[in-house]
Every structure is written in structure tokens, then in C-alpha cells.
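One structure is given below, encoded as C-alpha cells.
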2 protein chains.
Amino acid sequence: MALRHAVLAALLDGEYSGYQLAKAFDVGVANFWHAMPQQLYAELAKLEREGLVTGRQVVQETRPNKRLFRVSEAGFAELEQFAAAAAKPSFIRDDLLVKVQAVDRTDAGPVIEQLEERASAAGARIALFTDLLRRMRGDMDEEEFLRGGERIGPYLTCLRGLAFEEGHRDWCRHVADVLRERRPAGVRR
Amino acid sequence: MALRHAVLAALLDGEYSGYQLAKAFDVGVANFWHAMPQQLYAELAKLEREGLVTGRQVVQETRPNKRLFRVSEAGFAELEQFAAAAAKPSFIRDDLLVKVQAVDRTDAGPVIEQLEERASAAGARIALFTDLLRRMRGDMDEEEFLRGGERIGPYLTCLRGLAFEEGHRDWCRHVADVLRERRPAGVRR
DNA sequence: TCTGACTACTCACATTCTTGAGTATCATGC
DNA sequence: GCATGATACTCAAGAATGTGAGTAGTCAGA
């Protein structure tokens, strides 16, 4: 029962179709949850059956029809309850960290490559988030926006996403450097 | 097939029983993977059936007997292959972030409390990791250890864990401050 | 005119993770 | 002398997640 609240939280900013939601889950929402489209469609159907969201059909001419969803009163109540309940602790779960843990006993070459890929992927997300944050706060500066802005939830989670990606990028670079320096000069691949 | 590699990586440092492994997964190993004891016992059994680890019975007098496991040759080969394969991207998944995303539409009180709990839990882990790192590098300084140390994998993942917890703690504190300042002076709980 | 990408969604299966309960012995402290 | 907690592990059921394939129309560019 965790994806359901992520979906409700994502739907707070307006109506979305399953498809649009899937897009959102690829960018901003990925800061706090990640899911594949199929999961989202299934969850939306479930939420609708339980009355936590309401959907309406939108007929389109040049494109397939779509269904837009919004959070219902019951949905808001559910979110309220969720926010008040104790949160489970969060954990990192990352293949790449497992590889680094074992790197003393495996070939470091491919791991170094993956660290570099990760670092540059993190860099791309950093640029994206920086931009997103700028757009969210408009012409205010950050302090002013956080004091008086209307919708600061997404801004705050995006800040965490940004910091996470920065930490991740820096760590990846550092580890790649360390591993490269430890390899005997002749060893490549 | 992800827990299996985390278990193999955790077993690199010596022989462990399922019970000991569960302990390890509560502290250091939690930097890169998290699992409950039952999962570990199940995974160890599976790894043994497939020949990736070998177990041996240790008879104890004052305590229940235990089975200690070590990584087999086939296990090392499996890890090698895993390290060379492409890593999946990693994602944050955190209840508390979902709550913050929705905080404009819910009562901020309980969320602030949870943020503070998290911040102090993160503080405890920071102390633990700082200490762990110190013990791992012994009397060397960090740079020296990373250049010449024998087993730097766990050190590097612990560095990531430390940075993650620091980022998490700072973010929790900052968000709690922001939310507290936005609440009308009279509103408590 | 064909190719590939985008919109929009569905079905089915497999794996993984979580939850809750249970067994049994020993050591520690009140 | 009794409760608590540590060691050491098992079983079962269900919820959550991930994987892979498929449908079907539109649009832009080579």
C-alpha cells in the first residue's frame, strides 16, 4: 500500500491520465517513488474502484481517447491519514553499491565504467532538477518561495532529489578515481 | 536476482551464519541493501542448492548449533559476471518524501514530527558509520588507506552511506524548519 | 511510402519482499 | 524464580514489484 499514496500525491497538482502520470513518474515524481506504467494503470484502476480517485473520459479526435483522474474527498482523507501514520525507515538499494562492495575481488574495469555512466546520468538529472526548481519558484528566490509559496511539497522533494543526485555523482566520481589509481598502469579492460 | 549478489558481497569478508548475516544487514550492509532475516535464510538455502556458497555445521554447547557459509568458486564467478553486467538505475523510495510532497494538503504537524525523528535516526547512523570508517582504516588516513588498503569495497560503500545519511539529516531538518515557520503561530498538533 | 517515435492503454506471469507466527535453548538481571 | 532478551532458525501466505509482450492509431522526417 505504498504506490497508492505516491499516486495520490502526484495527482494533487491536477488531472492526469495514466500515460501522463507515467511521464511524471519518470521525472519529478521519481524523487520520491518509482514505478512502471503498467503498475500505474493498475493502481489507478484500483484507486477508482475504491473511490479514492474519480476518472472521466476525454474523447480526442486525432489521438486515442484517455481517462483523466483526480483525487476525491475520500482520497484526500486517505492521504491525511497516511501522513499522520508512522513512516517506515527508508533504505538505499542499489546494484552499483553491491558491485563496489565486492570490487576487491572482481575486475574493477567494468565497475569503473558503470560509475562513470552513473555520474553523467546524475549530472543530467541535476541539470533537470535545477531547472525544475527554478520554474517552480518563478521570480521569487528560494527563501521567499519557501516562506510564502502555495505549493512547496514538490519543491521540497525536488530539493532532496537534487541533493541525492549531487551526492551520488560526487561519490561515483570519487570511487572511479580511487579505483583507477589502484589499477596497475598496464591494465586496461 | 539482486539480494543474492548482496549476500555474496556480504559474505566476502568471511564466514557468517544466517543470523550473523541478518545482523550485518542491519548495520553496514544496509548501506547497499536491506533485507529481513527470513529472506536471508531463504536466499542462503537457495545459494547453497545452486553451489554458490558452501555451508558447514558448527556444533555449539551453550547455544543452538549454527551453519556458517562462505562463497564458493562458483560464487566468485557469479559475482564477477554480475559486476560486469549493466547495473539498473537506482531510485529513492521513501514514504516520508511522499508525505512531504503532499504536505500542502495535509496537516503538517505529524510530518514535522516524523522529519525530526528521521533526522535524529540519521544522526545515530552518521555516528555509527564515522566510527566504522575509522575502524576500517585503522591507523592510516583516508587517502593512504584508499590508495593501499586491501579491502576498500566496504569502506567505499560506507562512505556513500555516510554521505546519504548526512544529506538526509540536513534535508529533514531544513524541511522541518520550513514547515514550522509556515504554520500559524497558534496551531499546535 | 516506409520507418520510427509518440500517444494511450491492457494482459499475464514471475519474482521479490513483507508480515506474522512459531520453536527451542541459554544467559542476565530483578 | 521469573521475565526479558539473545542466539538460531523455520514456515506460510499474501502484497508489491518487475518483466515481457501486444494492440492500435497518428505524425514527422528520410
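Labels below follow one simple rule: chain letters A, B, ... track the order of the sequence lines, proteins then strands, and each chain is numbered from 1.
Between B:F164 and A:F164, the two ring planes are perpendicular [angle over 60°; tilted spans 30° to 60°].
Applying the 4.0 Å criterion to OP1 and OP2 of D:dT7, one finds that B:K23 has a side-chain N or O inside that range. For D:dT7, neither phosphate oxygen OP1 nor OP2 lies less than 4.0 angstrom from any side-chain nitrogen or oxygen of B:S17. An OP1 or OP2 oxygen of D:dT7 is reached within less than 4.0 angstrom by a side-chain nitrogen or oxygen of B:Y19. The shortest distance between the side-chain N/O atoms of B:Y41 and the OP1/OP2 oxygens of D:dC9 is below 4.0 Å. Between B:Q60 and D:dA8, a side-chain N or O to OP1/OP2 separation shorter than 4.0 Å is present. Side-chain N/O atoms of B:Q39 include one lying less than 4.0 angstrom from OP1 or OP2 on C:dT18.
A pairwise comparison of heavy atoms in B:S90 and A:H168 identifies OG-NE2, 4.5 Å as the closest pair.
Taking atom CG of A:L3 as the reference point, atom P of C:dT18 lies 15 Å away to the nearest angstrom. Between A:Q20 atom CD and C:dA8 atom C1' there is a gap of 10 Å when expressed in whole angstrom units. Rounded to whole Å, the distance from CG on A:D26 to C1' on C:dC6 is 14 Å. Look at CG on B:L68: it is 9 Å from P on D:dA8, rounded to the nearest Å. As rounded to whole Å, 15 Å separates atom P of C:dC9 from atom OH of A:Y16. Spacing between atom CD of B:E43 and atom P of D:dC9 amounts to 16 Å, rounded to whole angstrom units. Here C:dT18 presents its C1' atom at 16 Å from CZ of B:F25, a figure rounded to the nearest Å. Residue B:K88 contributes atom NZ, which lies 15 Å from atom P of D:dT17 at whole-angstrom precision.
For A:K66, the listed nucleotide lying nearest its side chain is C:dC9; candidates were D:dT19, D:dA8, C:dC9. With D:dT19, D:dT7, D:dC9 as the candidates, the nucleotide lying closest to the side chain of B:R67 is D:dC9. Listed nucleotides D:dG18, D:dA8, D:dT19 differ in distance to A:H34; the shortest reach to its side chain belongs to D:dG18.
For D:dG20, the base has a donor-acceptor partner in the side chain of A:Q38 [N/O atoms by modelled type, under 3.5 angstrom].
Put simply, the side chain of A:D26 never gets that close to the backbone of A:K23: no donor and acceptor are under 3.5 Å apart.
Environment of CD in A:Q81: sparse, with no more than 12 heavy atoms of neighbouring residues, nucleotides or ligands closer than 6.0 Å.
Looking at which nucleotide of DNA chain D each of B:R93 and B:R63 is closest to, the 5′-most match is held by B:R63. Projected onto DNA chain C by closest heavy-atom contact, B:A2 and B:M36 fall at different nucleotides, the more 5' of which corresponds to B:A2.
Using a cutoff of 4.0 Å between basic side-chain nitrogens and carboxylate oxygens, B:D107 and B:R183 are scored as salt-bridged.
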